Amino acid sequence: MMNQDNRPDLVIHGTVNAAGGVYGEVAVHGFGKIKGNVECLDLHCAGHVNVDGDVHASRGKIEGNANIRGAAHFENMEVYGQLDVNGDMAFTQLRVDGSVKVHGSVSGEEILLNGFLKATGDCEAEVFKAKGAFTIGGLLNAGHVSIHLHGSSEAREIGGEHIEVRKAGISTLNKLMKQFFNNTLSVDTVEGDEIYLEYTRAKIVRGTNIEIGPGCEIDLVEYSGEFRQDSSSRVKEHTKRGKA
């Protein structure tokens, strides 16, 4: 592997076709097409870039539009524009203030979501904090899951030690958004140790201590510790089970 001093930079202004390779910084200010895999220390896109291959970068910042036709691996990634990945995406920390769409699975240590995240596969992290909206085609699994609903969100399953889902506070933006979007979470199964849910539609909620807050519709709750339910929510059946 080349060391940092020997890596050339790839800086794109205007419309440029470039080859993949090992770079120090890849900076896109115009319209770039890169053919082949890219390994770099920094990826900064303030324009539009298409990468026909995999991307491996230490740091990434997307302020424009980036399309990666392969897998992506970042240590730290910030997305303020739009990022599309046609493969799995791995990272240490991911911050999304724009839009990220992954045609595969997402995995990392920490996800801070203030925009929109879509993954066709699973989403796995140590910490998942969402103040935006998301669609996860598979399992959302994290040690700590904290969700403040800003628009409709959905996942097939949610698992974690501590799971908290709350409706976002009332603001002028939320009042406007409410006219067009239903601020609810739809999920087949929620399973964890400590669970608190608001405005959630689920078939099964299973855990130790479970509190069903306002606005929920749950088919079945299975708990081994304590169970509480807000009077405005509907739970068809709840049952206490012995601890494993």
Side-chain angles (χ1 to χ4, degrees), residues 23-29 38-51 54-68 70-155 158 160-169 171 173-174 177 181 183 185:
Y23 296 101
E25 179 184 12
V26 175
V28 181
H29 302 283
V38 173
E39 179 185 331
C40 62
L41 299 174
D42 292 281
L43 171 64
H44 180 210
C45 176
H48 187 107
V49 65
N50 290 318
V51 180
D54 299 338
V55 172
H56 193 293
S58 296
R59 295 171 296 273
K61 188 174 184 179
I62 307 299
E63 296 176 300
N65 293 278
N67 296 301
I68 299 173
H73 184 280
F74 303 96
E75 292 299 322
N76 295 288
M77 168 57 81
E78 299 176 356
V79 180
Y80 302 98
Q82 181 170 323
L83 171 64
D84 291 339
V85 179
N86 189 23
D88 294 337
M89 181 175 176
F91 48 84
T92 301
Q93 185 182 70
L94 172 66
R95 179 187 177 97
V96 181
D97 284 10
S99 173
V100 173
K101 297 179 181 179
V102 179
H103 301 276
S105 294
V106 173
S107 62
E109 291 185 10
E110 184 177 37
I111 298 174
L112 304 175
L113 175 62
N114 299 306
F116 177 71
L117 170 65
K118 180 178 181 180
T120 60
D122 297 334
C123 177
E124 186 167 352
E126 292 296 322
V127 176
F128 181 89
K129 294 183 179 180
K131 293 183 179 179
F134 59 86
T135 298
I136 307 298
L139 167 67
L140 167 57
N141 184 44
H144 182 88
V145 178
S146 176
I147 298 169
H148 286 76
L149 294 167
H150 290 262
S152 294
S153 294
E154 62 182 270
I158 296 179
E161 295 176 8
H162 184 277
I163 299 170
E164 182 179 38
V165 179
R166 295 183 181 273
K167 187 178 181 180
S171 66
L173 176 61
N174 287 336
M177 294 286 284
F181 299 101
N183 287 10
L185 170 65

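In what follows, residues are counted from 1 in the order of the sequence shown. Source: prediction; values computed, not measured.
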*asked:* Less than 4.5 Å apart, side chain to side chain, heavy atoms only: is that true for V55 and F74?
replied: yes
*If you measure from OG on S153 to CG on L117, what distance do you get to the nearest 0.5 Å?*
9.5 Å
_List the residues meeting salt bridge (charged side-chain N to carboxylate O under 4.0 Å, His left out) with E164, not counting sequence neighbours, and say none if there are none._
R166
_Going by the rule ring pair (Phe, Tyr, Trp, His ring centres under 6.0 Å), which residues pair with H56 if we only count those two or more places apart in sequence or in a different chain?_
H73
*Mind listing the closest non-hydrogen atom pair of N183 and H150 along with its distance?*
OD1-C, 4.1 Å
*asked:* Any non-hydrogen side-chain atom of R59 less than 4.5 Å from a side-chain atom of L43?
replied: no
_Restricting to side chain to side chain donor-acceptor pair (under 3.5 Å), what partner residues turn up for E154, sequence neighbours left out?_
none
*If a pair satisfies side-chain hydrogen bond (donor to acceptor under 3.5 Å, both in side chains) and one of its residues is in residues 78-91, list it, with sequence neighbours excluded.*
E78-Y80, Q82-D84
*asked:* Show me the pairs that pass salt bridge (charged side-chain N to carboxylate O under 4.0 Å, His left out) and involve residues 90-107, at least two apart or across chains.
replied: R95-D97
Using residues 60-68 as the side-chain source, report each donor-acceptor pair under 3.5 Å to any protein atom, sequence neighbours left out, with the distance given to one decimal.
from: E63; atom 1: OE1; to: H44; atom 2: NE2; distance (Å): 2.7
from: N67; atom 1: ND2; to: N50; atom 2: OD1; distance (Å): 2.9

_Which heavy atom of G160 sits nearest to which heavy atom of N141, and what is that distance?_
N-OD1, 4.2 Å
*What distance do E124 atom CD and I111 atom CD1 have between them, rounded to the nearest 0.5 Å?*
10.0 Å
*Please identify each residue that fulfils side chain to side chain donor-acceptor pair (under 3.5 Å) with H144, with sequence neighbours left out.*
none
_Nearest heavy atoms of G104 and A119, plus distance in Å_ = O-CB, 3.8 Å
*Can you measure from CD (Q93) to CZ (F91) and round to the nearest 0.5 angstrom?*
9.5 Å
*Would you say the side chain of V102 lies within less than 4.5 Å of the side chain of T120, judging by non-hydrogen atoms?*
no
*Look up atom CE in M89 and atom SG in C123, then write down how far apart they are to the nearest 0.5 Å.*
10.0 Å
_Nearest heavy-atom neighbours spanning G121 and S105_ = CA-OG, 3.8 Å
*If we only count heavy atoms from C-beta on, is the V96 to L112 side-chain gap below 4.5 Å?*
no
*Could you note down all residue pairs passing salt bridge (charged side-chain N to carboxylate O under 4.0 Å, His left out) where residues 133-143 supplies at least one of them, sequence neighbours left out?*
none
_Non-neighbouring partners of E109 that pass side chain to side chain contact (heavy atoms under 4.5 Å, CB included), sequence neighbours left out_ = T92
_side-chain contact (heavy atoms from CB on, under 4.5 Å) partner of L140, the single match among V106, I163, I158_ = I158
Scan the side chains in residues 125-137 for donor-acceptor partners under 3.5 Å anywhere in the protein, sequence neighbours excluded, and list what turns up.
none

*For E161, check side chain to side chain donor-acceptor pair (under 3.5 Å) against everything at least two apart and list the hits.*
none
*Output all residues satisfying side chain to side chain donor-acceptor pair (under 3.5 Å) with D122, sequence neighbours left out; order by chain, then residue number.*
none
